[in-house]
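First comes the structure, then the notes that go with it.
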Amino acid sequence: MLEAIQPAPRDAILGLTAAFREDPRSEKINLSVGVYQNELGATPTLESVRIAEQRLAEAATSKSYLPIPGAPEYAEVVQKLAFGAKHEAVQSSRIATAHTPGGTGALRVAGDFLKTNFPNATLWLSDPTWPNHPNIFVAAGVPMKSYPYFDKESNGLAIEPMLEAISKMPAGDVILLHGCCHNPTGIDPTAEQWKQIAEAVYAQGLLPVLDFAYQGFADGIEEDAAGLRAFAQPEAELLLCSSFSKNFGLYRERVGALSIVCPSADAASAVQSQMNRVIRSNYSNPPAHGGAIVNSVLRDDALRASWEKEVATMRERINGMRQQLVEALAAQGVPGDYSFITRQRGMFSFTGLTKDQVETLREKHAIYIVGSGRINVAGLTPTNIERVAEAISEVVGQPA
Ligand code: LMR
């Protein structure tokens with residue numbers, strides 16, 4: 001039977017990192033997967049996380065199972081971080097939260113929850129979006145369509161086409177938005193546009209899902225929740241998929257959460273039971289370690305303050321690299337205005353490089369970026385930036 005199995009295509013992002021690992025060239029540079037690197041090109045454990053881990057190791061007494069949705073204290077810190085400790089939805093217990101293995105796990109539990117409870121709903125994804133979004137929702141059996149998001153001409157948000165598309169979506173459908181630091185474009189709505197989008201989504205009778213994987217990487221931890229909070233109005237309903245891979249540097253610990261904001265505490269309790277059912281038939285209950293770290297850091301004033309500083313350091317380094325990339329491209333005489341790179345937010349820059357140019361960068365220059373032309377700015381360092389700019393200058397000079 002297994003003779004007939006054909007190899008699956010490589011993953012659009014993690015497949016590139018696998019190819020990067022196999023590449024014997026010593027000058028290779030990986031700007032594909034969204035992993036933060038410091039100026040030395042390393043991804044060290046955050047100091048706040050290291051201290052929390054030490055304390056957890058000393059206090060550990062059991063490896064027994066967590067409850068299906070994870071530890072209640074973790075759910076509480078997740079809600080407070082995203083919505084704000086005093087938010088009415090948090091205070092009135094109308095949010096059901098489950099600790100999931102990463103943000104991807106949160107999206108998959110959301111997909112299974114949607115398929116089970118709203119089998120006829122279509123999920124609308126931004127064009128473009130993170131290439132794993134369609135994979136996750138195909139696996140969950142959720143039908144998908146896309147809405148316009150990126151305006152190539154202005155390198156900005158296609159707000160009018162987006163609002164127009166929302167106004168035509170059937171009531172009862174589901175729309176996925178990126179809570180901040182849109183992946184792959186780096187283009188986010190302004191505070192005013194978030195309000196317009198939230199109004200349009202609710203006026204149309206849609207259920208929003210916010211994918212929130214980069215809180216703290218655009219303007220700040222509180223500031224980056226502005227989009228989410230524009231949606232989280234009294235009685236509003238929404239799904240929130242949180243990830244702590246990037247802002248806690250906990251990539252391999254697989255720590256995230258799905259929070260479903262319901263119209264009442266009673267509705268939240270029924271929704272929690274449905275989420276638990278989905279989880280039990282998938283991975284049963286979450287791995288404890290990553291959630292315990294996030295919980296420890298966020299509950300300790302000193303650790304939290306040092307974590308916030310570490311997030312600010314990562315954010316500022318990325319923004320510094322954006323500026324330096326624009327300058328390095330100008331110094332190379334690359335034709336065109338690349339100042340849009342400094343206006344994009346979060347880890348990524350959507351460069352406009354074509355598939356062929358991306359391939360040449362990999363084949364000829366050993367520089368790995370995602371096929372859509374997305375660069376992980378957090379992988380640029382003072383050491384590699386000149387070589388990246390030179391290589392881009394060379395490929396842009398070629399006919400596309
Ligand atoms: C990315 O977009 O590079 C990250 O979200 C990592 C991943 O899992 O794809």
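Keep in mind it's a predicted model, so treat the numbers as computed, not measured. Just follow the structure's listing: the first ligand is 1, and inside any ligand the first atom is 1.
For Arg374, every heavy-atom contact with ligand 1 shorter than 4.0 Å involves the side chain, none the backbone. Counting heavy atoms under 4.0 Å from ligand 1, residue Thr104 does not touch it at all. At a heavy-atom distance under 4.0 Å, no atom of Tyr251 approaches ligand 1.
Salt bridge present: Asp219 and Arg345 bring a charged side-chain N and a carboxylate O closer than 4.0 Å. Using a 4.0 Å cut-off between a side-chain N of Lys or Arg and a carboxylate O of Asp or Glu, Glu199 and Lys195 do not qualify as a salt bridge.
For Arg315 and Phe217, the positive end is not near the middle of the six-membered ring at less than 6.0 Å and at most 45° from its axis. Figure legend: Lys246 and Tyr36 shown without cation-pi pairing, the cationic atom not lying both under 6.0 angstrom from the six-membered ring centre and within 45 degrees of its axis.
Of the residues Leu176, Asp127, Leu163, Leu177, the one that meets the side chain to side chain contact (heavy atoms under 4.5 Å, CB included) test with Tyr147 is Leu177.
The shortest contact between atom 9 (O) of ligand 1 and any protein heavy atom is with Trp130 NE1, 3.0 Å. Scanning the protein heavy atoms around atom 4 (C) of ligand 1, the nearest turns out to be Lys246 NZ, 3.3 Å.
Atom CZ of Arg280 is surrounded by 12 or fewer heavy atoms from other residues, nucleotides or ligands within 6.0 Å.
Where the criterion is an N or O separation shorter than 3.5 Å, residue side chain and backbone included, Ile13 fails it with respect to ligand 1.
Contact between Asn132 and ligand 1 is absent, with no heavy atom of the residue lying under 4.0 Å from the ligand.
In the vicinity of Val33, heavy-atom distances shorter than 4.0 Å reach the ligand 1 atoms 3 (O), 6 (C).
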